[in-house]
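A note on names: the letters A, B, ... follow the listed sequences, proteins ahead of strands, and every chain is numbered from 1. None of these values were measured; they are calculated from a predicted model.
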Protein chains: 2
Amino acid sequence: MGISERKERDKLEMRKNIIDAAMHMFTHEGYENASIRKIADKIEYSPATIYLYYKDKDELLYDVQAECFKKLVTIFKKDASAAEPFTRLGQIFDTYVKFGLNNPEMYDLMFIMKSPMNNLDDKEIWKNGNEAFEHVVTCVQECIDHQLIKFDNVWLGAFSVWGMAHGLISLDIRCRIKVMHMDESQILDAIHASIATYLNHIKK
Amino acid sequence: MGISERKERDKLEMRKNIIDAAMHMFTHEGYENASIRKIADKIEYSPATIYLYYKDKDELLYDVQAECFKKLVTIFKKDASAAEPFTRLGQIFDTYVKFGLNNPEMYDLMFIMKSPMNNLDDKEIWKNGNEAFEHVVTCVQECIDHQLIKFDNVWLGAFSVWGMAHGLISLDIRCRIKVMHMDESQILDAIHASIATYLNHIKK
DNA sequence: TGGATTTGCTAAACACTGTTTAGTAAATTT
DNA sequence: AAATTTACTAAACAGTGTTTAGCAAATCCA
């Protein structure tokens, strides 16, 4: 009997429906305005229905986050594909920064907001972020193998690179760069200059 | 007549009262549980009273943030006071990281949360953060003057240093380091190792 | 086919949140 | 002593995430 299979499909379709609505709400109206009620409105169901498919808002946001990471990984594959490892490291940096600045709401959900991480067990690995991070790890590993950067520990290298990029982006997104007398384009220049300088500093 | 002066004092005292209660609530129960109602409860006034002294929650949090920065600057003066600039740069780094990891709620309010920055005009400078940042700037300037680091632009140097430190701390505070198979003490080691490595890389 | 049961969904409520309004009692001024 | 200003609050408004009770429609079993 294919009924239970169809129901399984329906269930997944409904979840997809909810995720899409949430994602749209999120990127077009901002997180503040993406309430369960409004998401429910968008898909023309009652708010309570969402709780039949998701235990709470955090669980839903975790799935939306997964969607965001799919986009980032796709962009990584497209725009950071140079064969030469150090060149690719630079591309990864640029792609990451561009993604963050062009999609602040997504970046927020992926790397800044508390919410979708609340449900994650302390020991559990963060599946959503893992694939994207592996891109960095692989690249850093190749750089080390070819003696292109001043790191010998992969994790340390990948973590440092990520840390620098995230620091710059998140300070900007959360409006903390106002300690300097800079307008928007100057800030952008500063971010890119910082990254270029950093790459220079770790280059062997 | 000293009456209006006393009233001015009373007004300031009340604001101090509110700030202290908010700060306590914030650091002891976390931001999520620091509602206007609970802060009002703590100082034994009605919630509406707080709105006689602050236009909204953001404005209050901005003052609490100021208090947090006072603490950071005090610690900077105490624990990052080496005369030798590059040594001091390392101390600033360590102090900053230690402060962030020991006071995640304060760090959140100072550098991650959207809230207290909402009221700030786009062109307005961020007074709260400025003094602390000037510590970094001064130190980086001295490092450049003595040709101790591979930077020639002060702002770029200070911004990069800050970006790296902030990136590592905020990824940790917001539970994003779960991409690596690490327990808490390993993460701490990774953060310190990243900073030590970074300092090594920018050292001339 | 027809009655029992399960499924999918929702209206309404609960317990919160930040914020505003209308009104009151006390302090101050005239 | 009367008028006015000040300091404060109870109650409401509009919103939030979430739960509960109940209702039709689809499905299952006789």
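For B/Tyr51, whose side chain is taken as the heavy atoms from C-beta onward, the closest listed nucleotide among D/dT9, C/dT19, C/dT10 is C/dT19. Picking from C/dT10, C/dG18, D/dT18 the nucleotide with the shortest atom distance to the side chain of A/Lys57 gives D/dT18. When each of C/dC9, D/dG17, D/dT9 is scored by its nearest atom to the side-chain atoms of B/Leu52, the top-ranked nucleotide is D/dT9. Looking at the side chain of B/Ala48, the nearest of the listed nucleotides D/dA10, D/dC8, C/dT10 is D/dA10.
Counting non-hydrogen atoms of other residues, nucleotides and ligands closer than 6.0 Å to CD of B/Glu131 gives a total of 12 or fewer.
Between the side chains of B/Gln186 and A/Trp155, no donor-acceptor pair of N or O atoms lies under 3.5 Å. Under 3.5 Å, the side chains of B/Asp56 and B/Asn119 contain a donor-acceptor pair of N or O atoms.
The distance from atom CG of B/Leu12 to atom C1' of D/dA7 is 16 Å, rounded to the nearest whole Å. Atoms CD1 (B/Ile50) and P (D/dA7) sit 16 Å apart, rounded to a whole Å. Remark: C1' of C/dG18 and CG of B/Leu61 are 12 Å apart, rounded to the nearest angstrom. Separating the CD1 atom of A/Ile43 from the C1' atom of C/dC9 is a distance of 12 Å, rounded to the nearest angstrom. As a whole-Å value, the separation of B/Met14 CE from D/dA7 C1' is 9 Å. Atom C1' of nucleotide C/dG18 and atom CD1 of B/Ile36 are separated by 7 Å, given to the nearest angstrom. Here C/dT6 presents its P atom at 15 Å from NZ of A/Lys11, a figure rounded to the nearest Å. Atom-to-atom, CD of A/Glu32 to P of C/dT17 comes out at 17 Å; the value is rounded to the nearest Å.
Cation-pi contact between B/Arg15 and B/Tyr54: present, with separation from the ring centre below 6.0 Å and deviation from the ring axis of at most 45°.
Residue A/Lys55 places none of its side-chain N or O atoms closer than 4.0 Å to OP1 or OP2 of D/dT18. Within the 4.0 Å cut-off from OP1 or OP2 of D/dT9, at least one side-chain nitrogen or oxygen of B/Thr49 is found.
With ring centers used as reference points, A/Phe69 lies 6.0 Å or more from A/Phe133.
The base of D/dG15 is not paired with the side chain of A/Arg37 by any donor and acceptor separated by under 3.5 Å.
Within the 4.0 angstrom heavy-atom criterion, only backbone atoms of the sugar-phosphate kind lie near A/Ser35; the bases stay farther away. Backbone-only contact: B/Tyr53 has heavy atoms under 4.0 Å from sugar-phosphate atoms and none from a base.
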